[in-house]
Novice: 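This is the structure, below, for whatever I ask next.
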Amino acid sequence: MPIPATQFIWFNGKLVPWEKATVHVLSHALHYGSSVFEGIRAYETPRGVAIFRLRDHTRRLFDSAKIYRINVPYSAEQLNDACRQVIGANQLKRGAYIRPVVFRGYGEIGVSPKIDPPTEVAVAAWEWGKYLSHAEEEAGVDVCISSWNRVAPNTLPALAKAAGNYLSSQLIAAEARRLGFAEGIGLAPDGTLSEGSGENLFLVKDGALLTPALAHSVLGGLTRDSVMRLARERGLEVRECAIPRELLYLADEAFFTGTAVEITAIRSVDRIPIGSGKHAGPVTESLQHAFYGLFSGKTADKWGWLDYVDMSAPRVAASG
Ligand SMILES: Cc1ncc(COP(=O)(O)O)c(C=O)c1O
């Protein structure tokens, strides 16, 4: 989908005009994939614009950088602030998608050069509605099991949200779309279920909520974590475990979670209907209500997940 340009991007410590946030073609990340990033949503709520789980996203960004030994030249609080600044400076009052990215920039060439290239950091934000249409969300999506597996343990670390991992995602998503599906699900190298190209996977079976455990080549999604907490609070049994592929075909309900897709029902897998095969099942629906209720005010934010942005704060002058 096209990116609706805004006015400013936070780039290496200051707000710069959107079109000036550029990098050198010999940047390390462009050649060797040495970049880690986040995808965060800000929602319009009755109390103003709020960023969902901002501190947790920033922590995951630092965790991803730590795995790859990328030094981040800013503190977590500075990056949290950068996220707030791009919302405020661009007056994204209707909510937004925020994309922080940390990458090895321009310096020496080579996979592991003697002198580390400087780390560059950018935070952009733009208005972004639903990833899937409302109708699609209500009806659920048709998905397939990909012929591509997710990354094997001790190859590329799945818990790092690193650019390179999204080559696997591109193979899975492109194959699924080529075959006429909305999304593909990758299997872990042992053949058990893992996740979608950019979403975590949940099943409902006999009243329990099941999701592949972190050891099954999944990203530790923050929507995944939020849904598990909301489910447990509602008395649902939640199990993180190894799940055989065929259990997905036999599930009463299935859905994806992620910052982009939020909670999206799956109505068929490999053309096998899940549940009624027509719309989200009752457990999925109740979790959708609980989740979206966080932003309408109907679900209490017990965990302090909403980080409100002061839109009236003085704008930081752009330079560059
Ligand atoms: C591969 C992958 N799995 C799962 C997720 C869901 O994670 P989150 O809920 O934190 O957006 C994402 C999205 O970031 C992803 O890219």
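Heavy atoms only: backbone and side chains are in, while hydrogens, waters and symmetry mates are out. Predicted, not measured: the structure shown is a model, and the values here were computed from it. As the structure lists them, so they are numbered: ligands from 1, and atoms in each ligand from 1.
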Novice: Checking the side chain of R232 only, and the main-chain atoms of E237 only, is there a donor and an acceptor separated by less than 3.5 Å?
Specialist: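 No, because the side chain of R232 does not come within donor-acceptor range (under 3.5 Å) of the backbone of E237.
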Novice: Which of the atoms of ligand 1 are close to G221, meaning less than 4.0 Å from one of its heavy atoms?
Specialist: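 So the atoms of ligand 1 that pass are 7 (O), 8 (P), 9 (O), 10 (O).
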Novice: Using a 6.0 Å distance limit plus a 45 degree cone around the ring axis, check whether R104 lies over the aromatic ring of Y32.
Specialist: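 The answer is no, since R104 fails at least one limit relative to Y32.
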Novice: Among all protein heavy atoms, pick out the one at the shortest distance from atom 9 (O) of ligand 1; state its residue, atom name and that distance to 0.1 Å.
Specialist: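 Nearest neighbour among protein heavy atoms for atom 9 (O) of ligand 1, to 0.1 Å: T223 OG1, 2.6 Å.
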Novice: Test side chain to side chain donor-acceptor pair (under 3.5 Å) on Q170 and S197; report intermediate values, then the result.
Specialist: CA-CA 7 Å; Q170 286 176 48; S197 72; over 6 Å; no
Novice: In a check of ring pair (Phe, Tyr, Trp, His ring centres under 6.0 Å) between Y106 and each of H28, H24, H31, which one passes?
Specialist: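 Running ring pair (Phe, Tyr, Trp, His ring centres under 6.0 Å) over H28, H24, H31 with Y106 returns exactly one hit, H24.
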Novice: Pick out which of K93, R41, R94 makes a salt bridge (charged side-chain N to carboxylate O under 4.0 Å, His left out) with E127.
Specialist: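 So the option named by the test is R94.
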Novice: Run the contact test for R150 against ligand 1 with a 4.0 Å cut-off on heavy atoms, strictly below, and give the result.
Specialist: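 So R150 counts as touching ligand 1.
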Novice: Does atom CZ (R59) have a neighbourhood of more than 12 heavy atoms from anything else shown, all under 6.0 Å?
Specialist: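 No, because the 6.0 Å sphere around CZ of R59 holds 12 heavy atoms or fewer from other groups.
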Novice: At a non-hydrogen distance cut-off of under 4.0 Å, which region of E199 contacts ligand 1 (side chain, backbone, both, or neither)?
Specialist: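 It is the backbone that gets close, since no side chain atom is under 4.0 Å.
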Novice: Please check whether T259 reaches ligand 1 - meaning an N/O of the residue sits under 3.5 Å from an N/O of the ligand, judged on distance alone.
Specialist: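 Yes, at least one N or O pair falls under 3.5 Å.
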Novice: Quick one: nearest non-hydrogen protein atom to atom 6 (C) of ligand 1, plus distance?
Specialist: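 Scanning the protein heavy atoms, the shortest distance from atom 6 (C) of ligand 1 goes to N200 OD1, 3.6 Å.
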Novice: Against heavy atoms of G258, which atoms of ligand 1 measure under 4.0 Å?
Specialist: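 In order of numbering, the contacting atoms are 6 (C), 9 (O), 11 (O).
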Novice: Could you check whether F8 and W18 have their ring centres less than 6.0 Å apart?
Specialist: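 Ring centroids of W18 and F8 are no less than 6.0 Å from each other.
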Novice: Can you check whether S197 has an N/O within less than 3.5 Å of an N/O in ligand 1?
Specialist: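 No - when backbone and side-chain N and O of S197 are compared with those of ligand 1, no distance drops under 3.5 Å.
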Novice: What protein heavy atom sits nearest atom 5 (C) of ligand 1, and how far away is it?
Specialist: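 Result: G198 O, 3.6 Å.
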Novice: Mind checking whether S169 has an N or O less than 3.5 Å away from an N or O of ligand 1?
Specialist: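 Such a contact does not occur with ligand 1.
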Novice: Please verify whether a non-hydrogen atom of K161 lies at under 4.0 Å from ligand 1.
Specialist: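 K161: in contact with ligand 1 (<4.0 Å).
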Novice: Just distances here: any N/O of Y166 and N/O of ligand 1 closer than 3.5 Å?
Specialist: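 Checking ligand 1 against Y166, an N or O pair does fall under 3.5 Å apart.
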Novice: So which atom in R271 and which in G180 form the shortest heavy-atom distance, rounded to 0.1 Å?
Specialist: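 That closest heavy-atom pairing would be NH2-O, 4.1 Å.
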Novice: Answer yes or no: are there more than 12 heavy-atom neighbours, outside F37 itself, under 6.0 Å from its atom CZ?
Specialist: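 Enclosed: over 12 neighbouring heavy atoms sit under 6.0 Å from CZ of F37.
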Novice: For R60, is the nearest heavy atom under 4.0 Å from an atom of ligand 1?
Specialist: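 Checking ligand 1 against R60, which is what was asked, there is a heavy-atom contact under 4.0 Å.
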Novice: Judged on heavy-atom distance to atom 10 (O) of ligand 1, which of L222, I40, V261 sits nearest?
Specialist: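 Looking at heavy atoms only, L222 sits closest to atom 10 (O) of ligand 1.
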Novice: Has ligand 1 got any nitrogen or oxygen that is less than 3.5 angstrom from a nitrogen or oxygen of E195?
Specialist: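 Right, the criterion is met.
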Novice: Would you say the rings of F256 and F202 are close, in the sense that their centroids are separated by under 6.0 Å?
Specialist: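 They do not qualify: ring centres at least 6.0 Å apart.
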